[in-house]
There are 2 protein chains.
Amino acid sequence: MKEIVANARAPFGSVYHFFPGGKEQLGAETVRRSGAECGRLLPLVLDAHPDLVEAVRAFFALAAQDLVEANYEDACPIATVALETSSTSEILRQACADVFEDWIELGSERVAAAGIPRDAARNLTIAMIAMLEGAFVLCRATRTTEALIVSGQWCAKMAEAAMPASRRTGN
Amino acid sequence: MKEIVANARAPFGSVYHFFPGGKEQLGAETVRRSGAECGRLLPLVLDAHPDLVEAVRAFFALAAQDLVEANYEDACPIATVALETSSTSEILRQACADVFEDWIELGSERVAAAGIPRDAARNLTIAMIAMLEGAFVLCRATRTTEALIVSGQWCAKMAEAAMPASRRTGN
DNA sequence: GTCTATAGAAGGATAGAC
DNA sequence: GTCTATCCTTCTATAGAC
């Protein structure tokens, strides 16, 4: 907390003026805010690639590139908090859960727009988010991008398989 | 540390007698030990199901069941440590990396035994571990098993797709 | 070689001056 | 309503008695 306040060049007491709930409230709001920020990345990448399979490939490639550029220090800002706090703080757990549900909803919409039925779209999106999050864990631990590369390839295949035959481009 | 020592009914100083490296060393050895323990679960489940696709299904179903029984409090003992410490402790990061590499190697052997070429076996195993780890993150945050269920279905499909046509059982 | 008692730092939170 | 100074707790680690 002291580090955060110093970094913000604010007096220490201000934290408790603006965040009466203290550390937990500040954490929860940070999760929601950075979660929404990450969520905005999704349409950004997807809209640049009209083909869903290409978009998935691009997304994982970008994730791998960002991870290396961040020296393997920053990946998903939510996952760490989710694992650390889900059993000890209902407020923080709920914030993480809401962010994940938003991402699933956001992704599902785009996936469905590619011609995949609503339920299948949700399932595909959940699987891709799970694979992305898990790959981040493996990559940060090993300091390699192998898991992200491999995961991207599989997710592209999954997207391909979920597409209705009529809309496949053969990527 | 105090909690651990108290739980072990040991005097506090003993920690630093047996683990001169303090918290970091104790953590690293815990990661390696519980990682190996989890690793032993893999052959246990896989050997009970001679068909790889069935084994994958069983593994995810078991993971979901265990998670619910643990009230969503315990999932993977390595992932949390990996995310929390990879940027701040080289010793702990390396311990997590070694565990993950062991799991990949262990899994690859079994997958390869189902008739999948060595490289494809490694890629499939990495993808499945990533999806499992990511699903744990989502499930613990949402306190639902949806992500694990969905991930299990996709991993079964992935295993199916990776099998040589001659060995497919049509599961 | 085992353990107790405590050091020394960092943690989060608050009281009360302005 | 803003901020400073400080409180109390908790943390990891160690010194030194036995």
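Proteins get letters first, then strands, A, B, ... in listed order; numbering begins at 1 in each. Atom set for the values below is all heavy atoms of this structure, side chains included, hydrogens, waters and symmetry mates excluded.
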Short side-chain N/O contact from A:S14 to OP1 or OP2 of D:dT2, under 4.0 Å: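 For A:S14, the contact criterion (side-chain N or O under 4.0 Å from OP1 or OP2 of D:dT2) is not met.
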Could you tell me whether the phosphate oxygens of C:dG1, OP1 or OP2, come under 4.0 Å of any side-chain nitrogen or oxygen in B:H17?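 Result: no.
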Verdict with supporting geometry, A:R93 and A:E24, salt bridge (charged side-chain N to carboxylate O under 4.0 Å, His left out): CA-CA 10 Å; A:R93 184 197 67 73; A:E24 238 182 351; over 6 Å; no
Could you check how far [atom1] of [X] sits from [atom2] of [N], rounded to whole Å?
{"X": "A:F19", "N": "D:dT2", "atom1": "CZ", "atom2": "P", "result": "13 Å"}
{"X": "A:I4", "N": "C:dG11", "atom1": "CD1", "atom2": "C1'", "result": "12 Å"}
{"X": "A:E3", "N": "C:dA9", "atom1": "CD", "atom2": "P", "result": "18 Å"}

Taking 4.0 angstrom as the limit, do A:K157 and A:E160 come out as a salt bridge?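 No, A:K157 and A:E160 are not salt-bridged.
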Donor-acceptor pairs under 3.5 angstrom involving side-chain atoms of residues 119-135 of chain A: please list them, not counting sequence neighbours.
| unit_1 | atom_1 | unit_2 | atom_2 | d |
| --- | --- | --- | --- | --- |
| A:R122 | NE | B:E146 | OE2 | 2.8 |
| A:R122 | NH1 | A:E101 | OE2 | 3.0 |
| A:R122 | NH2 | A:E101 | OE1 | 3.3 |
| A:R122 | NH2 | B:E146 | OE1 | 2.9 |
| A:R122 | NH2 | B:E146 | OE2 | 3.4 |
| A:T125 | OG1 | A:S108 | N | 3.4 |
| A:T125 | OG1 | A:A121 | O | 2.7 |

Under a 4.5 Å cut-off applied to non-hydrogen side-chain atoms, are A:R140 and B:L83 in contact?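 Yes, their side chains come closer than 4.5 Å.
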Under 3.5 Å, is there a donor-acceptor pair linking the side chains of A:D98 and A:Q94?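 Yes, because at least one side-chain N or O of A:D98 sits under 3.5 Å from a partner of the opposite role on A:Q94.
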Classify the ring geometry of B:Y16 against B:F12: parallel below 30°, tilted from 30° to 60°, perpendicular beyond 60°.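 Tilted: the ring planes of B:Y16 and B:F12 meet at 30° to 60°.
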Under a 4.0 Å heavy-atom criterion, the protein footprint on nucleotides 12-18 of chain D, written with B, S and -, is BBB----
